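Data first, discussion second: the structure below is written as structure tokens.
Throughout, a chain's letter reflects where its sequence line sits, starting with A, and its residues are numbered from 1. Just so it is clear, the structure is predicted and the values come from calculations on it, not from any experiment.
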Protein chains: 2
Amino acid sequence: MAYPPLHELNLLHANICQALADPKRILILYALADEPRHVTALAEMLCLPQPTVSRHLRILRQQSLVTSERDGTAVVYSLLDHRIIDVLDTMRQVMVDALARQSNLLEDNGFS
Amino acid sequence: MAYPPLHELNLLHANICQALADPKRILILYALADEPRHVTALAEMLCLPQPTVSRHLRILRQQSLVTSERDGTAVVYSLLDHRIIDVLDTMRQVMVDALARQSNLLEDNGFS
DNA sequence: TACATATATTCGGATAATCGAATATAGTTT
DNA sequence: AAACTATATTCGATTATCCGAATATATGTA
């Protein structure tokens, strides 16, 4: 039985992954998991130019990973769903375990 | 206190996300979660040309998301860590919930 | 060895992502 | 309104990704 062709949900799913697929955006998400923050606060924390942070935040916003709220002239961004952090944490654990396995393989073959 | 600059782990983390960021690769992973499969079997299931499947599998292999094992002239691919499916499932749930929220927002404003 | 099957790779072109630099917009204060 | 602060956007160039088509490699078999 052939699978249905790539359906809409799968495209959206891939879009979410794409939004996560940048080291700066991952840092932004972890920073927002801590607490909501202004754009400038994020830029300073991560040592990035403000326009760069804004552009990354837009991408995260378009995927409904963060929300924004005005606070005077500033805009406060917050994480929309903390399960995204669980997702990132699990992925990181999978990655670390894979690296450990590879490292063991190397040792077992006398490459340590 | 400024964060450390983007460290190695974060780059690897982003690479994993990047590997997940394609609808065809997501389908491949779900298909392999079911059971290990040959390249051709995957290609037929997903109605994709064999070279396309091979290229996607290489990307997944490079990120240690799948492993391959020879079986005669065929090569059997399998999922390396099933937690990746948990990750994908949670992401999909987050996505569906976000879509539901958006849909409710539209209705509440008379756009239904 | 010759042939068949299964998988992997390369090439070229199209599409998309990212960044720095410059600039535009929105809200606040005087 | 003018000046200021915070945020967002655009532009142009660079780099990365993806695909179809063609081809190469590897294993098994006659």
Side-chain angles (χ1 to χ4, degrees), chain A residues 5-6 10-29 31-32 35-80, chain B residues 5-6 10-29 31-32 35-80:
Chain A
L6 317 170
N10 247 307
L11 284 174
L12 297 175
H13 200 164
N15 288 342
I16 303 258
C17 292
Q18 179 61 41
L20 300 178
D22 182 284
K24 296 171 186 173
R25 289 197 288 271
I26 292 176
L27 284 176
I28 289 174
L29 288 172
L32 293 182
E35 59 178 349
R37 295 180 198 275
H38 294 179
V39 178
T40 305
L42 287 170
E44 285 176 2
M45 275 182 72
L46 309 176
C47 305
L48 294 172
Q50 173 268 320
T52 295
V53 174
S54 265
R55 273 178 311 204
H56 283 301
L57 284 169
R58 177 172 55 172
I59 292 171
L60 294 173
R61 199 167 5 99
Q62 285 168 341
Q63 296 303 322
S64 296
L65 296 175
V66 302
T67 42
S68 57
E69 191 184 356
R70 272 230 165 253
D71 172 24
T73 66
V75 175
V76 185
Y77 277 84
S78 26
L79 204 59
L80 199 55
Chain B
L6 318 171
N10 247 306
L11 285 174
L12 297 174
H13 201 165
N15 288 342
I16 302 259
C17 294
Q18 180 60 41
L20 300 178
D22 182 283
K24 297 172 185 174
R25 288 198 288 270
I26 292 175
L27 284 176
I28 289 175
L29 288 172
L32 293 181
E35 58 178 350
R37 294 180 199 274
H38 293 179
V39 178
T40 306
L42 286 169
E44 284 174 4
M45 275 183 71
L46 308 175
C47 303
L48 294 173
Q50 173 268 319
T52 297
V53 174
S54 265
R55 271 178 311 204
H56 283 302
L57 284 170
R58 176 172 56 172
I59 292 172
L60 294 172
R61 198 167 8 99
Q62 285 169 341
Q63 296 304 321
S64 296
L65 297 175
V66 303
T67 41
S68 57
E69 192 184 356
R70 272 229 166 254
D71 173 24
T73 66
V75 175
V76 185
Y77 278 84
S78 27
L79 204 60
L80 199 54

Counting just side-chain N and O atoms, does [X] come under 4.0 Å of either OP1 or OP2 of [N]?
X      : N       : value
K24(B) : dC18(D) : no
H56(A) : dT18(C) : no
Y77(A) : dA8(D)  : yes
R58(A) : dT9(D)  : yes

Given atom [atom1] of [X] and atom [atom2] of [N], what is their separation to the nearest angstrom?
X      : N       : atom1 : atom2 : value
L57(A) : dC19(C) : CG    : P     : 12 Å
L46(B) : dC18(D) : CG    : C1'   : 17 Å
I28(A) : dT18(C) : CD1   : P     : 11 Å
I26(A) : dT18(C) : CD1   : P     : 12 Å
I59(B) : dT10(C) : CD1   : P     : 13 Å
L60(A) : dT7(D)  : CG    : P     : 16 Å
R55(B) : dT10(C) : CZ    : P     : 12 Å
L42(A) : dA8(D)  : CG    : P     : 10 Å

* To do: Name the nucleic acid region contacted by P49(B), choosing base, sugar-phosphate or nothing; use a 4.0 angstrom heavy-atom cut-off, strictly under.
  =>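 The answer is sugar-phosphate, as P49(B) gets under 4.0 Å only of primed atoms, P, OP1 or OP2.
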* May I ask you to verify whether the side chain of Q50(B) and the base of dA8(C) hold a donor-acceptor pair under 3.5 Å? =>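 In this structure, the two groups form a donor-acceptor pair.
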* Of S54(A) and T52(B), whose nearest nucleotide on DNA chain D comes first from the 5' end? ->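 It is S54(A) whose nearest nucleotide is closer to the 5' end.
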If I compare all heavy atoms of [X] with all of [Y], which pair ends up nearest, and what's the gap?
X      : Y      : answer
H38(A) : V76(A) : CD2-CG2, 3.4 Å
I26(A) : L20(A) : CG1-O, 3.3 Å
S54(A) : V39(A) : OG-CG1, 3.9 Å
V75(B) : S68(B) : CG1-CB, 3.6 Å
L42(A) : R37(A) : CD2-CD, 3.8 Å

* Asked: Picking from H56(A), R61(A), R25(A), what satisfies side-chain contact (heavy atoms from CB on, under 4.5 Å) with V66(A)?
  ->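 Of all the options given, the one that passes is R61(A).
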* Out of dA22(C), dA8(C), dA17(C), which nucleotide sits closest to the side chain of R61(B)? ->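 Nearest to the side chain of R61(B) among the choices is dA8(C).
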* Asked: Picking from dC18(D), dA8(C), dT7(C), which would you name as closest to the side chain of P51(B)?
  ->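 Per side-chain heavy atoms of P51(B), the pick is dA8(C).
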* Asked: What is the distance from atom CG of L11(B) to atom CD1 of I16(B), rounded to the nearest 0.5 Å?
  ->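 The CG atom of L11(B) sits 12.0 Å away from the CD1 atom of I16(B).
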* **Residue-level proximity of residues 67-75 of chain B to DNA chain D when a heavy atom falls under 4.0 Å** =>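 Within this stretch, R70(B), G72(B), T73(B) sit under 4.0 Å of the strand.
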